[in-house]
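Comments concern the structure below.
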Amino acid sequence: MTKIKEFRGDNYYLSNFYDAPVMFEGIMYLNNEAAFQAAKLKDNQTRCPKTRLMRKDFSTMPPNIAKRNGRRITLRADWETVKDSVMAAVVNDKFTRNTKLQDKLIATGDTELFEGNSWNDRYWGVDIKTGAGKNTLGQIIMAERNNLKGGI
């Protein structure tokens with residue numbers, strides 16, 4: 001079976017850092033990373049006591065800044081139980097809102113998608129050298145692709 005081993009180059013559109021508008025709980029973000037990091041706050045009215053950031057503050061952030069700020073905020077109490085469903089929601093919106101990206105994703109057919117990385121993220125992706133990791137983001141994107149294809 002063919003594999004996409006990382007979300008770079010021609011496959012960068014699969015990355016959460018790719019600029020594509022995404023709506024999450026009533027706020028439009030520039031990219032998946034910003035929406036995901038903002039969701040670490042409980043709701044649209046919550047302000048992080050440490051950083052003073054609110055979800056809306058993430059809406060105009062480039063992905064690298066959103067990720068940096070997401071590491072500094074106080075996580076909502078239920079984050080570990082909801083983070084996968086949050087990621088699935090932002091991935092769903094990205095590929096249903098942006099039909100060109102949807103077409104590209106569907107065109108990958110049954111190719112296995114791996115979020116290969118060198119920054120030791122073995123939850124959302126896999127280590128590019130060893131292949132070790134859960135590849136949760138890749139699994140979510142492949143599930144979204146299946147849904148977009150009508151579950152075939």
Side-chain angles (χ1 to χ4, degrees), residues 1-44 55 58-152:
M1 178 178 273
T2 58
K3 297 178 182 182
I4 290 175
K5 296 181 180 179
E6 55 187 329
F7 301 163
R8 296 177 185 258
D10 290 343
N11 300 310
Y12 186 60
Y13 73 96
L14 296 167
S15 170
N16 281 343
F17 274 46
Y18 187 83
D19 285 330
V22 60
M23 176 85 69
F24 181 75
E25 294 187 353
I27 298 175
M28 185 67 77
Y29 298 89
L30 298 176
N31 53 72
N32 277 24
E33 190 67 29
F36 181 76
Q37 297 299 333
K40 291 178 176 181
L41 296 164
K42 182 72 174 163
D43 54 46
N44 293 346
R55 281 186 177 181
F58 285 84
S59 67
T60 58
M61 288 182 190
N64 60 326
I65 302 300
K67 187 171 187 172
R68 184 179 316 138
N69 282 314
R71 289 182 175 145
R72 296 174 44 229
I73 62 175
T74 304
L75 295 176
R76 58 195 271 182
D78 63 348
W79 182 244
E80 288 304 313
T81 60
V82 302
K83 67 183 180 183
D84 289 7
S85 61
V86 167
M87 184 65 80
V90 297
V91 165
N92 170 265
D93 194 80
K94 173 182 178 176
F95 288 105
T96 55
R97 180 173 305 281
N98 303 284
T99 55
K100 288 181 181 177
L101 299 182
Q102 181 181 127
D103 293 344
K104 287 179 79 164
L105 177 59
I106 291 171
T108 64
D110 293 327
T111 301
E112 287 186 276
L113 307 176
F114 292 91
E115 205 278 307
N117 63 75
S118 58
W119 50 88
N120 204 30
D121 180 349
R122 294 183 181 180
Y123 183 78
W124 295 112
V126 296
D127 182 282
I128 197 74
K129 291 181 182 170
T130 66
K134 290 185 70 171
N135 193 38
T136 305
L137 178 58
Q139 298 294 329
I140 287 171
I141 296 173
M142 288 185 286
E144 180 63 24
R145 176 183 63 196
N146 194 44
N147 289 337
L148 292 169
K149 291 181 351 183
I152 357 177

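Note: hydrogens, waters and symmetry copies are ignored here, and every other heavy atom, side chains too, is used.
Here the CG-CD distance, from Asn16 to Glu115, works out to 7.5 Å after rounding to the nearest 0.5 Å. Taking CD1 of Ile140 as the start and CG of Asn135 as the end, the distance is 9.5 Å to the nearest 0.5 Å. Here the straight-line distance linking atom CG of Leu105 with atom CG of Asn11 works out to 10.5 Å at 0.5 Å rounding. With values rounded to the nearest 0.5 angstrom, Asp93 atom CG is found 7.5 Å from Asn98 atom CG. Within the model, atoms CE of Met142 and CG of Leu137 stand 9.5 Å from one another, a figure rounded to the nearest 0.5 Å. Rounded to the nearest 0.5 angstrom, Tyr12 OH and Asp19 CG are separated by 7.0 Å.
You'll find the side chain of Leu148 reaches within 4.5 Å of the side chain of Thr96, heavy atoms only. Contact annotation: the side chain of Lys149 approaches that of Asp110 to within less than 4.5 Å [non-hydrogen atoms, C-beta and beyond]. At a threshold of 4.5 Å between non-hydrogen side-chain atoms, the residues Leu101 and Tyr18 count as touching.
Between the Arg76 side chain and the Ala39 main chain, a donor and an acceptor come within less than 3.5 Å of each other. Panel note: side chain Arg55, backbone Lys42; a donor-acceptor pair is recorded below 3.5 Å. In this structure, the side chain of Gln102 engages the main chain of Phe95 through a donor-acceptor pair within 3.5 Å. Checked by atom type and distance alone, the side chain of Asp127 pairs as donor or acceptor with a backbone atom of Lys129 at under 3.5 Å. Side-chain atoms of Asp121 come within 3.5 Å of backbone N or O of Trp124 as a donor-acceptor pair. The backbone N or O of Gly150 sits nowhere less than 3.5 Å from a side-chain atom of Asn147 that would complete a donor-acceptor pair.
Under 3.5 Å, the side chains of Tyr123 and Asp84 contain a donor-acceptor pair of N or O atoms.
For CZ of Arg8, the number of neighbouring non-hydrogen atoms (other residues, nucleotides, ligands) closer than 6.0 Å is 12 at most. Around CG of Asp78, the count of heavy atoms belonging to other residues, nucleotides or ligands within 6.0 Å exceeds 12. More than 12 heavy-atom neighbours from other residues, nucleotides or ligands sit within 6.0 angstrom of NZ on Lys83.
Between Ile128 and Gly116, the shortest heavy-atom distance links the atoms CD1-CA, 3.9 Å. Nearest heavy-atom pair across Ala89 and Phe24 is CB-CE1, 4.1 Å.
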Between Arg145 and Leu113, is a side chain to side chain contact (heavy atoms under 4.5 Å, CB included) present by the stated rule, with each step listed? CA-CA 10 Å; Arg145 176 183 63 196; Leu113 307 176; 3.9 Å; yes

Verdict with reasoning, Trp79 to Val86, per side chain to side chain contact (heavy atoms under 4.5 Å, CB included): CA-CA 9 Å; Trp79 182 244; Val86 167; 4.2 Å; yes

Set out, in order, the CA-CA distance, both residues' side-chain angles and the distance that settles side chain to side chain contact (heavy atoms under 4.5 Å, CB included) for Asn117 and Glu6, then state yes or no. CA-CA 7 Å; Asn117 63 75; Glu6 55 187 329; over 6 Å; no

Side chain to side chain contact (heavy atoms under 4.5 Å, CB included) assessment of Asn31 paired with Phe36: CA-CA 9 Å; Asn31 53 72; Phe36 181 76; over 6 Å; no

Sequence neighbours excluded and cut-off under 3.5 Å, please list the side-chain donor-acceptor pairs for residues 63-70, or say none.
residue, atom, partner, partner atom, Å
Asn69, OD1, Arg72, NH1, 2.6
Asn69, ND2, Ile65, O, 3.2

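A cation-pi arrangement, defined by a distance under 6.0 Å to the six-membered ring centre and an angle within 45 degrees of its axis, is absent between Lys40 and Phe58.
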